[in-house]
Amino acid sequence: MKVRTRFAPSPTGYMHIGNLRTALYEYLIAKANDGDFILRIEDTDQKRYVEGATEIIYNTLKTVGMNWDEGPDKGGNYGPYIQSERKSLYAEYAHKLVELGGAHYCFCSKNEADEEKNEELNIKFKDPCKLIPLEEAKKRVAAGEPYVIRQTVNKKGKSKYHDEVYGDIEIDYDELDEGVLLKSDGFPTYNFANVVDDHLMQITHVVRGNEYISSTPKYNLIYEDFGWEHPHYVHVPQVMKDAQHKLSKRNGDASFQDLVAKGYLPEAILNYIALLGWNPGTEQEIFSLEELTKVFSIERLNRSPAIFDITKLTWMNGCYIRALSAEKFHQLALPYYRDMPAYVNLEALSQTLQPRIETLKDIETQTDFIKAVPDYSVDLYFNKKMKTDADIARQNLPAIKEALETQSEWTNQALFDYLKALAEKLGVKNGQILYPLRIALSGKETTPGGATEIAVILGKEETLRRIEAAIAKLG
RNA sequence: GGUCCCAUCGUCUAAUGGUUAGGACACCACCCUUUCACGGUGGUAAUAUGGGUUCGAAUCCCGUUGGGAUCACCA
């Protein structure tokens, strides 16, 4: 049988990291087995619907290259792929389930149902409405009385099922709530819609967060009552913010969109989250999506929760940035150059920046001195190792300026050789020329690249102007 | 609270009865060097705890502790 997995997000806002990881595992399970990856939008809760959220889902999946084989925009043999468009289908199946004895009509208000429960005595909600004879219940429904359809749990003993990650799970039927399957507004709850859809769409592997482990027996009951076979279950551990809290939208934790905005590359984010809860069994850590589909296996999925570590993602992002071609990096950097003065040599800037940044956003802080030299203290000219200080700078800067004025080949290598020769001629150390020059050009203790690289970035004219300004400042 | 799940360096993880408990990030040191970074070398650092089983336990079993999930007309 062909493997079919589905990503079934609800359009309630941006895409968070845990969600994207689940989608990734679903995609990989499908693609590692030559199967289909299906996108289904679960919008049965109209109160939580957020405008534009569906587009975010599409864009995110496209950005990372996880292409779906069937979905709302793409069609397929099992549509529609938006649950709100399948509304009548659920009602049909819910009523059928009532006939089969797996569910019943309930006329309780929400409050009444809540009161029935007794948490201290640990009594699960067992709906009194299930005692209403079916014929009578149908009459009340026909008469227009508001109702919901609740699952009926009559079984006793232990429910057992196998999970591909967690192994055999055993839960007592008494632990199962008789939850609402079809709401009074006619929409199904997740508990019902996911079963009906997964069956109808012939999903073979259900991948979801492990918070569903304990409610899975309820779903299995529905599969049984319909006489359907249940899919393979792949429950995956949570992605945590720290040891106590999971990553969540409500806390405003970083979403995929946020990370991209912070200068992380989609490929790096995807690579990093693949490794949160899964490992290849080798020491390789850098994987493209393509490579992942080749080495992924369910068996190597982990059972314990994983903390999202932005530091390691940052390192990995740096790896991806360094691996970029010079042209590609320049393209990605361009938006960050928007306010650069005209004299700046952008290609040279990119070249200098690429090995030095870990996120694209670093460009902003690394290049702040380019627009204007900050107001710095002349103490900056002091460097013990380079044997320089303000006096040395005062002494050498005019000579550097004079030398550079006649220099025509304005490349890093040429400038470096030239200034090295100058140092020799003056009988001073290289550092006594280069260090003061770098400070004069940047006004910063640390800069991307050395004196000559900065000179190339600034161009000859601006370089000379800045040296002049520095000489004036030193007095 | 009931039930279920989880437990190896700070973090992500490897080791599926026999390893000096391995790798990666981070951190520290050194090297390279025109500052910074990249790169290279080395280092600090873990089997939560108590019992079993076994010649031998991170690994299997039981208890304890700690953490998480779930108990919605949310998904």
Side-chain angles (χ1 to χ4, degrees), chain A residues 8-10 12 42-45 47-48 106 108-110 113-114 117 119-125 148-150 163 166-167 169-172 174-177 179-185 187-191 193-194 208-217 235 237-238 240 242-246 272 275-285 300 302-316 318 322 352-358 366 380 383 385-386 412 415-416 419-420 423 429-431 433-435 437-439 442 444-454:
Chain A
S10 27
T12 56
E42 306 215 332
D43 59 345
T44 56
D45 186 358
K47 293 186 288 289
R48 294 211 306 163
C106 169
C108 301
S109 70
K110 189 180 178 325
D114 282 345
K117 294 206 273 194
E119 297 205 0
E120 284 188 17
L121 291 176
N122 192 37
I123 295 171
K124 297 291 156 187
F125 180 64
V148 299
I149 292 181
R150 277 185 188 276
D163 182 85
Y166 287 92
I169 306 285
E170 226 181 66
I171 290 168
D172 204 295
D174 284 342
E175 289 295 322
L176 272 31
D177 254 348
V180 171
L181 266 22
L182 198 72
K183 300 184 251 187
S184 51
D185 63 2
F187 276 94
T189 59
Y190 167 86
N191 299 329
N194 94 87
R208 50 157 82 119
N210 69 5
E211 68 268 27
Y212 290 99
I213 284 182
S214 37
S215 41
T216 297
H235 286 103
Q238 300 287 350
M240 309 288 285
D242 55 51
Q244 274 74 38
H245 310 279
K246 69 172 184 172
Y272 174 71
L275 264 23
L276 272 185
W278 175 85
N279 79 84
T282 64
E283 281 174 5
Q284 185 177 349
E285 288 196 298
R300 297 206 67 91
N302 225 300
R303 279 178 299 277
S304 29
I307 297 173
F308 181 85
D309 181 12
I310 190 86
T311 311
K312 182 146 187 178
L313 169 60
T314 303
W315 163 78
M316 192 171 275
R322 272 171 262 132
T352 304
L353 249 20
Q354 189 173 1
R356 290 180 171 79
I357 60 170
E358 293 191 297
Q366 291 262 25
L380 261 191
N383 183 289
K385 195 178 151 206
M386 296 293 135
N412 184 46
L415 288 175
F416 185 64
L419 291 174
K420 221 166 102 176
K429 295 175 69 71
N430 289 346
I433 296 291
L434 295 165
Y435 198 91
L437 175 58
R438 194 178 59 79
I439 300 300
S442 70
K444 286 183 79 179
E445 189 172 12
T446 64
T447 54
T452 58
E453 282 165 302
I454 293 172

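Every value quoted in this text rests on a predicted model; they were computed, and no experiment measured them. Values below: every heavy atom of this structure, side chains too, minus hydrogens, waters and symmetry copies. Quick note on labels: first sequence line is chain A, next is B, and so on, each numbered from 1.
Contact check, A:N430 against B:U34: no side-chain N or O comes under 4.0 Å of OP1 or OP2. At B:G68, none of the side-chain N or O atoms of A:K246 fall inside 4.0 Å of OP1 or OP2 (strictly under the cut-off). Applying the 4.0 Å criterion to OP1 and OP2 of B:C6, one finds that A:R303 has a side-chain N or O inside that range.
Both geometric conditions, a ring-centre gap below 5.5 Å and a plane tilt below 30°, are not fulfilled together for A:Y166 over the base of B:C5.
When heavy atoms are screened at a 4.0 angstrom cut-off, A:N191 is found touching base atoms of the nucleic acid. When heavy atoms are screened at a 4.0 angstrom cut-off, A:Q366 is found touching no nucleic acid atom at all. Residue contacts for A:K420: at a heavy-atom cut-off of 4.0 Å it reaches no nucleic acid atom on any strand shown. Among the heavy atoms of the strands, none lies under 4.0 Å from A:D242. Using a 4.0 Å heavy-atom criterion, one finds that A:T452 contacts the bases of the nucleic acid, with or without backbone contacts as well. Residue-level contact check: A:M386 touches the backbone only, with heavy atoms under 4.0 Å from sugar-phosphate atoms and none from bases.
Rounding to whole angstrom units, CZ of residue A:R48 and P of B:C73 are separated by 14 Å.
Counting atom types as modelled, A:Y212 pairs no side-chain N or O with a base atom of B:A69 as donor and acceptor under 3.5 Å. Evaluation of atom-type donor-acceptor distances gives a pair under 3.5 Å for the side chain of A:K312 against the base of B:A24.
The pair A:E445-A:R438 does not meet the salt-bridge criterion, since no charged nitrogen lies less than 4.0 angstrom from a carboxylate oxygen. Here A:D45 pairs with A:R48 in a salt bridge; the nearest charged N to carboxylate O distance falls below 4.0 Å.
A donor-acceptor pair is defined here as one N or O able to donate and one able to accept, closer than 3.5 Å; no such pair exists between the side chain of A:Y166 and the backbone of A:H235. A donor-acceptor pair under 3.5 Å is formed between the side chain of A:D242 and the backbone N or O of A:H245.
As the counterpart of B:U33, no nucleotide is assigned, since no Watson-Crick or G-U wobble pattern has both distances under 3.5 Å.
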